[in-house]
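Working notes for the structure below.
Counting convention: from 1, in listed order, for ligands and their atoms alike. All values below come from the heavy atoms of this structure, side chains included, with hydrogens, waters and symmetry mates left out.
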Amino acid sequence: MSAHIGVTGLAVMGANLARNLARNGFTVALHNRSVEKTDALLARHGQDGDFIRTETLQELVDSLQKPRRVLIMVKAGQPVDSVIEQLEPLLEPGDIIIDAGNSHYEDTRRREAALAKQNLHFVGIGVSGGEEGALNGPSIMPGGSKESYAALGPLLEKIAARVDGQPCCAWIGTDGAGHFVKMVHNGIEYADMQVIGEAFDLLRSGAGIEPAEQARIFAEWNTTDLASFLIEISAEVLGHVDANTGKPFVDVVVDAAGQKGTGRWTVISALELGSPTSGIAESVFARALSSQTDQRKLAQELLVGAEADIEVPATFVEDVRQALYASKLISYAQGLDMLTSAATEYGWNLKLDEIASLWRGGCIIRADLLKEITKAYAADEKPANLLFAPAFTTAIADVLPAWRRVVSTAVQLGIPVPVFSSSLAYYDGLRRKRLPAALIQGQRDLFGAHTYGRVDAEGSFHTLWGEDKSELDAVDTH
Ligand code: 6PG
């Protein structure tokens, strides 16, 4: 018996992907640096399907059908390079190495280029859905060559989540495209989690609604156009009571958010691309601020808060729901816009309708909203920005008054809503006829002779600020 695929790295994610493959009828060769993990997996879940136990990478490679498919699930960074280095001499042209971890897309691009020289395929795949998704159906974002997808795609599509009979897996694009899209998925995930957090804070601190009652409100919201995995689990977390103290669980958890880095990567990449993903950036900064616990302690003693208590409007809960919807939509719009910029920069032909579609199931940001987003990008005329798709232009116009009310109430109450408010600023920034960028151009020209364009003429101009303020035409930009 030879295996369809080999998996090396059998911590939870690798083990669950291997089990998912086996449950779907594939023979899976297993390998782990320490064989105990392999044996533990076989002892506990050997009945999931056909597994081949191997002790070395040579054995793993020898047990595989050709072209060989070896899936690596180890910690991102150096450990991936180390496994590749060991595998490379054991493989033959046409074989495929798959990296299913949360690797940085630039690493994936580098590895793909290096292995292509040996005629080996290297495929970075984004896998979302956590441990549960890996086992029962994740959302999968594969990059690498189109040719490699022909040999790998059928396996991945079989183990992926399905929505309306469609697998949540599709070839994304060459080299690092899959990992890039997964990274942006995580950026949107950060923003989505933060806006839910802001809604929770507003309902608690603004309207005095306790977590148990909020659990009920969130569960109800999950039946509206906000319906999504993150709203659903937020209701569960909010409704949970700590067994030790009898207090709401959220009140006994330290309010300092951790992060492994994919949100930060998204923002760094957005800055490099010049892509205005302000909501995602604010959500990363909000986690960073929450973790500055020493400064926060001091600030509580030193810094004053809101001047006066104001009454929240009677419509507040519904207002917050609508503001949450608007801010969430902006996060998706910004993330997808960033994908458009990246496609140009890296020469990827990213199909936003397919990407939105494979995010509909299995992944952390799965949401009903993605159905409409898929439709928007499947239209003959693709919107330049998600907000320009007629369905969303209307949807956001409908919630705009509530969104503005919530942001201004939050500001008056001193409740920080960095993503609610920056998303609104993005919306207003996009739609305003004139922006103060004109003044910034004037400033730049004055102190640095950086030149400016004119609304009424082509070319670059410079004003002789230190002289007679006359204007030079068609100056060289520098
Ligand atoms: C997923 C998740 C997953 C993980 C991230 C986020 O799509 O399944 O995004 O990749 O939860 O590592 O983790 P942090 O919040 O720790 O950055």
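- Checked by distance only, ligand 1 and S128 come closer than 3.5 Å through their nitrogen or oxygen atoms.
- Put simply, part of K182 is less than 4.0 Å from ligand 1, judged by heavy atoms.
- Within a 6.0 Å radius of CD in E318, other residues, nucleotides and ligands contribute more than 12 heavy atoms.
- Of the N or O atoms in G129, one or more lie within a sub-3.5 Å distance of an N or O in ligand 1.
- Here ring pair (Phe, Tyr, Trp, His ring centres under 6.0 Å) pairs that include residues 246-301, with residues two or more places apart or in two chains, are H104-W265, H240-F249.
- A salt bridge does not link D319 with R404: every distance from a Lys NZ or Arg NE/NH1/NH2 to an Asp or Glu carboxylate oxygen is 4.0 Å or more.
- Within 6.0 Å of atom CD in Q295, 12 or fewer heavy atoms from other residues, nucleotides or ligands are found, so the atom counts as exposed in its surroundings.
- Among all non-hydrogen protein atoms, the one lying nearest atom 6 (C) of ligand 1 is E189 OE2, 3.5 Å.
- When only non-hydrogen protein atoms are considered, atom 5 (C) of ligand 1 lies nearest to N186 ND2, 3.6 Å.
- For the ligand labelled ligand 1, residue C363 lies outside the 4.0 Å heavy-atom shell.
- Residue G130 has at least one nitrogen or oxygen atom sitting less than 3.5 Å from a nitrogen or oxygen atom of ligand 1, judged on distance alone.
- Under 4.0 Å is where a charged nitrogen must lie from a carboxylate oxygen, and between R296 and D255 at least one such pair does.
- The 12-atom threshold is exceeded at CZ of R162, counting heavy atoms of other residues, nucleotides or ligands nearer than 6.0 Å.
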